[in-house]
Amino acid sequence: MKTYKWALIPLLLVMSAFLLSATAWAADPVPPVDPIPGVSVNIGSGGTAGASSTVSILLLLTILSLAPSILVLMTSFTRIVIVLGFVRTSLGTQQMPPNQVLIGLALFLTFFVMSPTLSEINQVALQPYLKGTITQTAALQQAATPIKKFMFSHTREKDLKLFLDYTKAPKPSGVDDISLTTLVPAYAISELKSAFQMGFMIFIPFLVIDMVVSSTLMAMGMMMLPPVMISLPFKILLFILVDGWYLVVKSLLISYST
């Protein structure tokens, strides 16, 4: 029994020390906690200047959100990327070249084709606005004029007349009298038609190769052999021999130079 009593002494000492530390901790005053600072947002409290700056920021964010649509529908990107897609489809190479390569090539070709228009926008709108000689509204109006000239020169009269008749707008006397809401869709469907026409011409030689290979395999009785496996190397060989990428890009550039 004496052995057990001596064994309990360390346990009692530990419990006593724990109780004393807890009592001392409870006696210490708890330091006050700083409250979380409040944040208030006041809309329209800055007067006319604050309201105008807010509207300017909203317009800027709207333009940035519409930037992909502007790139696709108001430049040469649509025709170029569709034609390059037709080239890959007619070759039958599945994902070769990859989408990243086609989009990158189409993007840089778009910058090359649009470089005169972009240079004009920089001279008549961007640089005067950065120097403070014109207002933001005037800069947007002057930047729209070169874009309108480019789209109008590649828009079919029938497509433009379709949207003018729908809006019952009077016959415009010049490019400046055509609104962007009318010109952009007319230019877009014109670009789609031109791209599909070029894609059809690209398909013809590869379609002939597919027909010849299929007829040859049928005559040889090899009906279980997929014709694509035999025609694919011949189509790639033909495309290499005629320097296909050079001809396709040259055709795209010529289509915008006229």
Side-chain angles (χ1 to χ4, degrees), residues 66-127 142-160 163 174-176 178 180 182-209 234-258:
L66 294 176
S69 300
I70 295 173
L71 174 65
V72 171
L73 295 180
M74 298 178 65
T75 63
S76 58
F77 182 83
T78 300
R79 184 190 303 187
I80 293 173
V81 75
I82 291 177
V83 171
L84 294 179
F86 269 116
V87 172
R88 186 176 65 180
T89 304
S90 60
L91 283 172
T93 53
Q94 301 300 324
Q95 295 298 322
M96 289 295 162
N99 290 330
Q100 293 84 351
V101 175
L102 292 183
I103 297 298
L105 179 60
L107 192 60
F108 277 92
L109 287 176
T110 300
F111 289 149
F112 182 80
V113 172
M114 299 294 298
S115 58
T117 304
L118 295 177
S119 299
E120 185 177 355
I121 292 175
N122 182 50
Q123 293 176 1
V124 302
L126 182 59
Q127 292 301 325
Q142 294 185 14
T145 302
I147 292 289
K148 285 183 178 181
K149 291 179 181 178
F150 174 81
M151 291 191 295
F152 181 78
S153 61
H154 297 94
T155 302
R156 291 178 173 83
E157 183 179 355
K158 180 179 67 175
D159 298 331
L160 182 59
F163 292 96
V175 181
D176 296 332
I178 306 175
L180 284 175
T182 302
L183 186 57
V184 170
Y187 171 75
I189 62 176
S190 296
E191 287 290 282
L192 288 174
K193 182 177 181 180
S194 300
F196 274 76
Q197 287 176 346
M198 297 180 68
F200 173 76
M201 300 303 296
I202 292 172
F203 255 101
I204 291 178
F206 300 110
L207 181 61
V208 172
I209 293 177
F234 289 100
K235 290 191 290 186
I236 295 176
L237 179 62
L238 174 65
F239 196 71
I240 294 173
L241 291 176
V242 300
D243 201 358
W245 291 113
Y246 171 81
L247 294 177
V248 170
V249 173
K250 180 181 178 181
S251 301
L252 287 170
L253 296 179
I254 291 175
S255 67
Y256 282 106
S257 62
T258 57

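Because only heavy atoms are used, hydrogens play no part in the values below, and waters and symmetry mates are left out as well, while side chains stay in.
- Across all their heavy atoms, Ile202 and Ser90 have their closest contact at CG2-OG, 3.6 Å.
- A donor-acceptor pair under 3.5 Å links the side-chain atoms of Lys148 to the main chain of Ile178, judged by distance alone.
- Thr89 is listed as a side-chain neighbour of Phe203, based on a closest heavy-atom distance under 4.5 Å.
- With sequence neighbours excluded, no residue forms a ring-ring contact (aromatic ring centres under 6.0 Å, His included) with Phe108.
- A perpendicular orientation is assigned to the rings of Phe86 and Phe196, their planes being inclined by more than 60° (bins at 30° and 60°).
- Here the side chain of Tyr187 pairs a donor or acceptor atom with the backbone of Thr75 at under 3.5 angstrom.
- In this structure a side-chain-to-backbone donor-acceptor pair under 3.5 Å is present from Arg88 to Pro97.
- Across all their heavy atoms, Val242 and Leu247 have their closest contact at O-CD1, 3.2 Å.
- Of the possible donor and acceptor atoms, none in the side chain of Ser194 sits under 3.5 Å from a partner among the backbone N and O of Glu191.
- Shown here for Met114 and Ile147, the closest heavy-atom pair between the two residues is CE-CD1, 4.3 Å.
- Applying the 6.0 Å contact sphere to CZ of Phe152 captures no more than 12 heavy atoms from other residues, nucleotides or ligands.
- Using modelled atom types, one side-chain atom of Ser190 and one backbone atom of Arg156 make a donor-acceptor pair closer than 3.5 Å.
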